[in-house]
Amino acid sequence: MVRWTSLRLRLVAVFAAVALTAAVSVSGIAYWLNRDAVLTRAQNSVLNDFRDSLQRNAASLPVGPTCESLNTAAARIGGPDTYQVVLIDTTRDNAPCAAPSNRDVFTLDNVPEQLQRAVNTADGKDHNRYHLRWMRISIQSHPYLVAGARINGDGPTGYMLKSLDAERKDLNSLAWSLGIATLLALVGAALLAQAAGSTVLRPVRRLGEAAQRLGEGHLDTRLKVSGTDELAEMSRTFNNAAEALESRVEELSAREAASRRFVADMSHELRTPLTAITAVTDVLEDEAEALDPMIAPAVRLVVSETRRLNELVETLMEVTRFDAGTAKLRVDEVDVADMVMACMDARAWVDSVELDAPRGLLATLDPRRLDVIMANLIGNALKHGGSPVRVRLRKEPAGTGPGTGTGAGADGTSNGDGDVVIEVSDHGPGIPEDVLPHVFDRFYKADASRARSEGSGLGLSIAMENAHIHGGDITAANGPDGGAVFTLRLPIRPRSTEDDDERDGRTNGPGTSGTSGGSGTNGSGGGAR
């Protein structure tokens, strides 16, 4: 469908408007010039003939002629094939006489009074001299030329009526011809505009398509350059910009890949010494009661920091898996309420959290990743929010809520089974409005002066990544009664062969191993509030 805002249509409209204006102007001027020429030629011819015939046939009449002689003279002057005549004079007994050549066609009543007054008005310099006067009139919608003259002195007055139907037909034919020419000019202008539009807009359309491909990530997109005009220069500029962008993206991608490898290698290399350090700290913790009271606090600090460092390394490993795209799901059909209760029970949160989770809501999810999400959300609410902390579980139809993952399965396709919605709310001070857009950013802290916190600053980011890999989403907002509200929305995916393969371990990849309470399970999303 052609859009009224398209450049091609506007170009055609402009060409058509210009052509129409030019054609109408030229046709109008040509019509009026030809009309004036045709009418002038016709009226000059008939007026000259009428003047000569009037002089030949009426000037010789005696003073005070009879009506019969006037009728005879009128018959000689006028005729059915030329024009009709009326001769007017006063007879010898002072009676007016009007002698028409054809009383059924032309009489004195057809002569306008304005013309009669003009004919009977003598020249200002010579009272015996009268001029030939004429007018164009319409009788019963037919055009006529009416003229009159008075013989010098005491001669009769003659009026002539000439039909202009033949000239009108000629002018109508001319008007039709000019109209057809105008229409052909308009069609030609539209075709010319179409051709010009195709020539001009084709490179523009190719440029738009290339820009779209470039925006989709095809950085090797280039335009074929031909010619030396402005469009060719624009294509060269696009190619140069695309080449510079591709080079820059490759450089940034190489840096990012090197950074990811560095983090992954560093985390991997740290696991071996951390394993040994953890074993030593476990022994020290067991023997803490037997140690010198001056040494015991230091031992407990070493044990705590070692565990925190171990959790940070595990979190960094998980982040590198998400960044590299190697994180995969090991799904199973679980009761979501049981999974939430297990998460809370494993961390002794049952007495600190109000749970509203009806049993029997089954969903095909990765249990470990759901445990990571809930541990971060509930732990974040307990750490930064205010009591009571409430967790509500419900099911909603697919596509009814916000978020990029609403109603979508893990493969991004629409899921008609609905969504699992879990809300974690607290009654704390809430989240500042300027912080809300950044709560899921890595290492983000609302208080920049707080150099150290118990969490790694990655917990909420990890939770969001785990939601996305399910095809879901997490949103953060402030409740109407105060406090923060985190809403987790995950699609209920139906069982499929792919799910069974993943559950059997055939698609098991990095990040799928581990027990519940993996990276960030202790509420390591701290720092957002």
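Counting begins at 1 with the first residue of the sequence. Hydrogens, waters and symmetry mates are skipped; everything else that's a heavy atom, side chains included, is used.
Taking 4.5 Å as the limit, every side-chain heavy atom of S461 sits out of range of all side-chain heavy atoms of F440. A 4.5 Å side-chain heavy-atom check between V38 and R41 finds at least one atom pair inside the cut-off. Side chains of N380 and V424 form no contact here, defined as non-hydrogen atoms less than 4.5 Å apart. Counting only heavy atoms from C-beta outward, the side chains of N478 and V485 never approach each other to under 4.5 Å. Taking 4.5 Å as the limit, some side-chain heavy atom of N71 sits within range of a side-chain heavy atom of P100. Using a 4.5 Å cut-off on side-chain heavy atoms (C-beta onward), L214 and L219 make contact. With contacts defined as side-chain heavy-atom distances shorter than 4.5 Å, the pair S25/T21 qualifies. A 4.5 Å side-chain heavy-atom check between I422 and T487 finds every atom pair outside the cut-off.
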Q: For the pair R489 and E396, evaluate salt bridge (Lys or Arg N to Asp or Glu O under 4.0 Å) and give the outcome as yes or no after the intermediate values.
A: CA-CA 9 Å; R489 188 179 297 271; E396 289 186 356; 2.6 Å; yes

Q | Check against side chain to side chain contact (heavy atoms under 4.5 Å, CB included), V24 and T182 | A | CA-CA 7 Å; V24 169; T182 300; 4.1 Å; yes

Q. Do V86 and I88 pass the side chain to side chain contact (heavy atoms under 4.5 Å, CB included) test, and can you show the C-alpha distance, the side-chain angles, and the key distance before you say yes or no?
A. CA-CA 7 Å; V86 174; I88 302 172; 4.0 Å; yes

Q) Please walk me through it: do Y83 and D49 pass side chain to side chain donor-acceptor pair (under 3.5 Å)? A) CA-CA 10 Å; Y83 46 82; D49 183 74; 2.7 Å; yes

Q) D356 and V391: side chain to side chain contact (heavy atoms under 4.5 Å, CB included), yes or no, with the steps? A) CA-CA 6 Å; D356 179 11; V391 178; over 6 Å; no

Q. Should D89 and C97 be marked as a side chain to side chain contact (heavy atoms under 4.5 Å, CB included) after you check the CA-CA gap, both sets of side-chain angles, and the distance that decides it?
A. CA-CA 6 Å; D89 203 353; C97 179; 5.9 Å; no

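Note that CZ of R76 and CG of L87 are 9.5 Å apart. Values are rounded to the nearest 0.5 Å. Between the CG atom in L20 and the CG atom in L183 there is a gap of 9.5 Å [rounded to 0.5 Å]. Once rounded to the nearest 0.5 Å, the distance linking CZ of R150 with OH of Y159 reads 9.0 Å. Atom CE in M160 sits 10.5 Å away from atom CH2 in W134 (nearest 0.5 Å). The structure places OG1 of T475 at 9.0 Å from CG of L488, a figure rounded to the nearest 0.5 Å. One finds the CG atom of N110 at 6.5 Å from the CG atom of L161 (value rounded to the nearest 0.5 Å).
Of the possible donor and acceptor atoms, none in the side chain of N466 sits under 3.5 Å from a partner among the backbone N and O of R369. Listed for the S247 side chain is no donor-acceptor partner under 3.5 Å among the backbone atoms of E243. In this structure, the side chain of D419 does not engage the main chain of V421 through any donor-acceptor pair within 3.5 Å. Remark: the backbone N or O of A42 is not paired with any side-chain donor or acceptor of S45 at under 3.5 angstrom. For D36 (side chain) and W32 (main-chain N/O), no donor-acceptor pair under 3.5 Å exists by modelled atom type. The backbone N or O of V111 lies less than 3.5 Å from a partner atom in the side chain of Q116, making a donor-acceptor pair. Looking only at distances, no side-chain donor or acceptor of H427 sits under 3.5 Å from a matching main-chain atom of G482.
For E216, the CD atom sits in a packed shell: over 12 heavy atoms of surrounding residues, nucleotides or ligands are nearer than 6.0 Å. In the displayed structure, R103 atom CZ is contacted under 6.0 Å by at most 12 heavy atoms of other residues, nucleotides or ligands. Other residues, nucleotides and ligands place no more than 12 heavy atoms under 6.0 Å from the CD atom of E68. For CD of E251, the number of neighbouring non-hydrogen atoms (other residues, nucleotides, ligands) closer than 6.0 Å is greater than 12.
Of all heavy-atom pairs spanning V225 and A232, the tightest one is CG1-O, 3.8 Å. Pairing each heavy atom of S101 with each of A74, the nearest pair is CB-O, 3.6 Å. The two residues P112 and I137 come nearest to each other via the heavy atoms CG-CG2, 3.8 Å. Heavy atoms only, all atoms of each residue included: N376 and L460 are closest at OD1-N, 4.3 Å. Contact between G158 and L54 at its shortest, heavy atoms only, is CA-CD1, 4.3 Å. Heavy-atom minimum distance, R213 versus T221: NH2-CG2, 3.3 Å.
Side-chain contact, S69 with T66: a donor N or O sits under 3.5 Å from an acceptor N or O. Checking N239 against R236 by side-chain atom types alone, no donor-acceptor pair falls below 3.5 Å.
Ion pairing between a basic and an acidic side chain is recognised when a charged N comes within 4.0 Å of a carboxylate O; E246 and R222 show such pairing.
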